[in-house]
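Below is one structure; the comments refer to it alone.
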Amino acid sequence: MKHAINYTLIKKDPRTKARRGVLHTPHGDIQTPVFMPVGTQATVKAMKIEDVAGLGHEGCGLILSNTYHLYLRPGHELIKKAGGLHNFMNWNGAILTDSGGFQVFSLGPLRKITEEGVKFRSYLDGSSHMFTPEKSIEIQNCLGSDIMMAFDECAPYPADWHYVQKSLERTTRWLKRCKDYHRDWERQSLFGIMQGGVYKDLRAQSARQIVDLDLPGYSIGGLSVGEPKEIMYEVMDDCVDLLPADKPRYLMGVGSPDCLFEGVERGIDMFDCVLPTRVARNGLAFTSVGRVNIKNAKYFEDFGPLDPNCDCYTCRNYSRAYLRHLFKSEEILSSMLLSEHNLHFLVSTMEKIRKSIEEDRFLEYKKEFYDSYGEF
RNA sequence: GUGGGUGUCGUCAAGUGGCCUAAGACCCUGGGUUGUGGCUCCAGUAUACGUGAGUUCGAAUCUCACCACCCACC
């Protein structure tokens with residue numbers, strides 16, 4: 001079977017599990033490790049698409065969007081009519097769509113999980129809907145994303161072993177149904193999702209089952225759902241070793257600067273996270289010298305750039321005092337400038353991580369970054 | 001000058017004799033945010049009742065004087 005997505009491993013870090021690779025997609029090659037900005041509603045909030053494309057120094061080629069949200073509004077049929085999601089949102093790069101599985105988890109009180117799928121109520125108008133693995137793939141087929149995610153259940157933290165086991169086995173059965181339903185593998189690839197919570201034996205069980213299905217990529221789900229970071233790192237350590245080395249490994253929902261380094265060090269190739277854009281809209285910037293809460297009074301007359309070591313559009317043109325003013329005034333430009341900076345920061349940090357792996361100095365770069373960043 | 005009205009945290013504004021060592025909102029200050037139901041959530045600061053005297057067991061609430069501001073008329 002020919003796949004839309006193919007992974008090439010370029011180099012492995014001699015001292016850690018970090019690795020440098022390329023993800024070949026129908027919409028271009030993606031250098032890994034990679035950070036994907038999130039565009040849930042067919043838009044990366046507060047960003048023009050050309051600015052998303054221009055993030056970092058090499059540009060950004062892969063973003064994430066969401067099956068659940070686009071199904072509810074405007075509807076996947078409309079997007080199909082528009083010529084697919086790429087066309088609809090004017091994005092020439094690659095797209096990965098989440099399956100709606102996470103919403104099953106995050107919209108807890110509005111849903112009911114059965115073997116068949118998930119019945120839930122729309123948060124928009126209260127109407128009742130049924131999501132099944134088949135439905136999720138059908139929608140993602142209409143969207144035309146390069147990478148489709150399997151419809152899974154992301155178990156909450158904490159959750160007891162028995163529940164997580166039942167949940168993971170159902171997720172595997174759902175994955176098989178996703179695989180069986182999908183047809184055009186040359187156009188779109190399907191990634192499987194490992195679950196298993198914080199239990200090592202369950203992670204192993206989940207990994208065995210999904211790897212058996214021989215998919216073009218695998219992701220680690222069910223992390224970063226409220227567990228302490230140390231536990232997340234521990235689980236990550238185990239998880240990566242359970243996945244095949246010749247396939248991309250995607251850690252879902254993770255994207256604080258420190259987690260990116262810790263993930264790469266453990267062998268993760270792909271990350272996505274709403275954090276940079278969400279916190280940007282709330283006045284928080286990630287910078288080379290740590291978090292900058294632009295709301296703070298101390299920036300009232302700080303005419304220096306947001307990040308002294310950043311060359312993004314925001315940092316090249318505006319001062320902290322101006323950004324603080326924009327935020328306090330609730331001006332739209334505040335969200336735009338801070339979002340662009342935060343995304344640029346993560347994307348370009350990932351570029352430097354890639355370079356450091358190529359030059360066998362990943363750990364040195366990590367230390368340098370941590371020393372400059374300070375407290376996370 | 002005469003008549004009327006109003007004076008409660010930075011602002012707006014509840015409260016009209018005891019449950020007010022005074023609600024709430026905004027502002028302000030700080031924090032949170034990880035496969036986006038959030039231009040959002042959480043927390044904190046201020047001995048604020050114009051001033052002075054009086055009535056009363058008890059006054060932000062009643063009385064008097066004064067002060068300030070607003071309106072109308074001269």
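The sequence lines fix the lettering, A, B, ..., with proteins before strands; numbering per chain opens at 1.
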Please name all residues satisfying ring-ring contact (aromatic ring centres under 6.0 Å, His included) with [X], sequence neighbours left out, ordered by chain then number.
| X | result |
| --- | --- |
| Phe120(A) | Tyr68(A), His129(A), Phe131(A) |
| His57(A) | His344(A) |
| Phe286(A) | none |
| Phe376(A) | Tyr370(A), Tyr373(A) |

Inter- and intrachain pairs under salt bridge (charged side-chain N to carboxylate O under 4.0 Å, His left out), touching residues 244-261 of chain A, at least two apart: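 Pairs touching residues 244-261 of chain A that pass the test: Asp214(A)-Lys247(A), Lys229(A)-Asp258(A).
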
Classify the side chain of [X] and the base of [N] as holding, or not holding, a donor-acceptor pair under 3.5 Å.
| X | N | value |
| --- | --- | --- |
| Thr277(A) | rU36(B) | yes |
| Arg281(A) | rG38(B) | no |
| Asp152(A) | rG35(B) | yes |

Centroid-centroid distance, Trp185(A) to His3(A), less than 6.0 Å: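 Trp185(A) vs His3(A): aromatic centres under 6.0 Å.
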
Establish, with yes or no, whether the OP1 or OP2 oxygen of [N] is under 4.0 angstrom from a side-chain nitrogen or oxygen of [X].
| X | N | value |
| --- | --- | --- |
| His69(A) | rU36(B) | no |
| Arg291(A) | rG32(B) | yes |
| Gln103(A) | rG35(B) | no |
| Ser106(A) | rG37(B) | yes |
| Gln41(A) | rU36(B) | no |

Interface with RNA chain B, restricted to residues 122-151 of chain A and to heavy atoms under 4.0 Å: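 Those residues whose heavy atoms fall under 4.0 Å from RNA chain B, taken from residues 122-151 of chain A in numerical order, are Tyr123(A).
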
Take the protein atom [atom1] of [X] and the nucleotide atom [atom2] of [N], then report the distance between them rounded to whole Å.
| X | N | atom1 | atom2 | answer |
| --- | --- | --- | --- | --- |
| Leu64(A) | rU36(B) | CG | P | 6 Å |
| Leu284(A) | rG38(B) | CG | P | 19 Å |
| Leu70(A) | rG35(B) | CG | P | 16 Å |
| Arg111(A) | rG37(B) | CZ | P | 13 Å |
| Lys45(A) | rU40(B) | NZ | P | 13 Å |
| Met252(A) | rG35(B) | CE | P | 10 Å |
| Leu275(A) | rG32(B) | CG | P | 11 Å |

Steps toward salt bridge (charged side-chain N to carboxylate O under 4.0 Å, His left out) verdict (Glu58(A), Arg354(A)): CA-CA 12 Å; Glu58(A) 301 167 12; Arg354(A) 289 199 295 267; 2.9 Å; yes

Arg170(A) CZ: over 12 foreign heavy atoms closer than 6.0 Å: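 Enclosed.
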
Those residues that, when tested against [X], pass side-chain contact (heavy atoms from CB on, under 4.5 Å) (two or more places apart):
| X | result |
| --- | --- |
| Met336(A) | Ala46(A), Ile332(A), Leu333(A) |
| Ser356(A) | Arg361(A), Phe362(A), Tyr365(A) |
| Ser372(A) | Ser288(A), Val289(A) |
| Lys12(A) | Leu9(A), Arg19(A) |

Derivation of the ring-ring contact (aromatic ring centres under 6.0 Å, His included) call for Phe191(A) and Tyr218(A): CA-CA 5 Å; Phe191(A) 279 23; Tyr218(A) 295 98; 7.7 Å; no

Reckon [X] touches a base, only the sugar-phosphate, or nothing at all at heavy-atom distances under 4.0 Å?
| X | result |
| --- | --- |
| Asn282(A) | base |
| Ser256(A) | base |
| Gln195(A) | base |
| Leu96(A) | nothing |
| Gly283(A) | nothing |

Position toward the 5' end of RNA chain B (nearest nucleotide), Phe327(A) or Lys229(A):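 Nearer the 5' end of the strand: Lys229(A).
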
Where RNA chain B forms stems, i.e. three or more consecutive Watson-Crick or G-U pairs with both distances under 3.5 Å: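 The stems that RNA chain B takes part in, listed by first number, are B:1-7 with B:67-73, B:10-12 with B:24-26, B:28-32 with B:40-44, B:50-54 with B:62-66.
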
I'd like a table of atom pairs between the protein and nucleotides 26-30 of chain B - only N or O on both sides, under 3.5 Å - with the distance next to each one.
{"residue": "rU29(B)", "atom": "OP1", "partner": "Arg324(A)", "partner atom": "NH2", "Å": "2.8"}
{"residue": "rU29(B)", "atom": "OP2", "partner": "Lys328(A)", "partner atom": "NZ", "Å": "2.6"}
{"residue": "rG30(B)", "atom": "OP1", "partner": "Ala297(A)", "partner atom": "N", "Å": "3.0"}
{"residue": "rG30(B)", "atom": "OP2", "partner": "Ala297(A)", "partner atom": "N", "Å": "3.4"}

